[in-house]
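Written below as structure tokens is the structure these notes are about.
Quick note: residue numbers are just sequence positions, from 1. Computation of the quantities below employed the complete heavy-atom set of this structure, encompassing side-chain atoms and omitting hydrogens, waters and symmetry-equivalent molecules.
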Amino acid sequence: MTRTYSPKADEIQRDWVIIDATDVVLGRLASHTAALLRGKHKPTFAPHMDSGDFVIIVNADKVALTGQKAAQKKAYRHSGYPGGLKATTYSELLEKNPIRAVEKAVRGMLPKNSIGRAQLRKLKVYTGSEHPHAAQQPKPYTLGQVAQ
């Protein structure tokens, strides 16, 4: 009988990947990023382990939204107090803090547990094209889509 392979913590190989978010649709960017953070592209993927790569997203301020989402879609956050629900449109959020918009989209596609929080810590988002991770020699990752 063949047993299911489960990788050990010291066998996990983590790479650094860089994604340029210029004119990439936010949802497609988030789904590809979440798959890379989880490690679903690796043959040793195990859902109970954090085996994903580090992901750097540059030019987060140039991400695209299709249709009327920029004006109609809202990002919600809650202060924790009664009546503390705040809502902002994505056009305001992308103008004020595009890093939060990208992180919020990726967070929604990761597991809602301690493994998902650990995977989210491996995400680095920057508004410009500069990043401080040149020493890690990140490999460029293309999403393979037509620009909007």
Query - Taking every non-hydrogen atom, the tightest pair across His48 and Ile115 - result: O-CD1, 3.3 Å
Query raised in the report: Looking at Ala60 and Pro98, what are the two nearest heavy atoms and their distance?
Result: O-CB, 3.7 Å
Between [atom1] on residue [X] and [atom2] on residue [Y], distance to nearest 0.5 Å:
{"X": "Ile99", "Y": "Leu94", "atom1": "CD1", "atom2": "CG", "value": "11.5 Å"}
{"X": "Ile57", "Y": "Leu123", "atom1": "CD1", "atom2": "CG", "value": "5.0 Å"}
{"X": "Asn59", "Y": "Asp23", "atom1": "CG", "atom2": "CG", "value": "9.5 Å"}
{"X": "His32", "Y": "Met109", "atom1": "NE2", "atom2": "CE", "value": "10.0 Å"}
{"X": "Lys62", "Y": "Asp20", "atom1": "NZ", "atom2": "CG", "value": "7.5 Å"}
{"X": "Leu143", "Y": "Leu29", "atom1": "CG", "atom2": "CG", "value": "6.0 Å"}

Query raised in the report: Between His133 and Tyr126, how do the two ring planes meet: parallel, tilted or perpendicular, split at 30° and 60°?
Result: tilted
Under 3.5 Å, is there a donor-acceptor pair between the side chain of [X] and the main chain of [Y]?
{"X": "Arg14", "Y": "Gly52", "answer": "yes"}
{"X": "Lys42", "Y": "Gln13", "answer": "yes"}
{"X": "Asn113", "Y": "Gly116", "answer": "yes"}
{"X": "Lys112", "Y": "Gly108", "answer": "yes"}

Query raised in the report: Under a 4.5 Å side-chain heavy-atom rule over Ile, Leu, Val, Met, Phe, Trp and Tyr, are Val55 and Ile18 clustered together?
Result: no
Query raised in the report: In terms of hydrophobic clusters joined by side-chain contacts under 4.5 Å, are Leu65 and Leu93 together?
Result: yes
Does [X] have more than 12 heavy atoms from other residues, nucleotides or ligands lying within 6.0 Å of its [atom1]?
{"X": "Arg77", "atom1": "CZ", "result": "no"}
{"X": "Glu11", "atom1": "CD", "result": "yes"}
{"X": "Tyr81", "atom1": "OH", "result": "no"}

Sequence neighbours excluded and cut-off under 3.5 Å, please list the side-chain donor-acceptor pairs for residues 69-76, or say none.
from	atom 1	to	atom 2	distance (Å)
Lys69	NZ	Thr66	OG1	2.7

With a 4.5 Å cut-off on side-chain heavy atoms, are [Y] and [X] touching?
{"X": "Arg38", "Y": "Ser51", "value": "no"}
{"X": "Gln119", "Y": "Pro111", "value": "yes"}
{"X": "Ile56", "Y": "Ile19", "value": "no"}
{"X": "Tyr90", "Y": "Leu26", "value": "yes"}

Report task. Check step by step if ring-ring contact (aromatic ring centres under 6.0 Å, His included) holds for His41 and Tyr141. Result -> CA-CA 13 Å; His41 62 291; Tyr141 181 81; 7.8 Å; no
Query raised in the report: Do NZ/NE/NH1/NH2 and the carboxylate oxygens of Asp50 and Lys122 come within less than 4.0 Å?
Result: yes
**Report entry** Test log, rule side chain to side chain contact (heavy atoms under 4.5 Å, CB included), inputs Leu110 and Leu37
**Finding:** CA-CA 8 Å; Leu110 289 175; Leu37 288 171; 4.2 Å; yes
Query raised in the report: Using a side-chain heavy atom cutoff under 4.5 Å and only I, L, V, M, F, W and Y, what cluster partners does Ile12 have?
Result: Met49
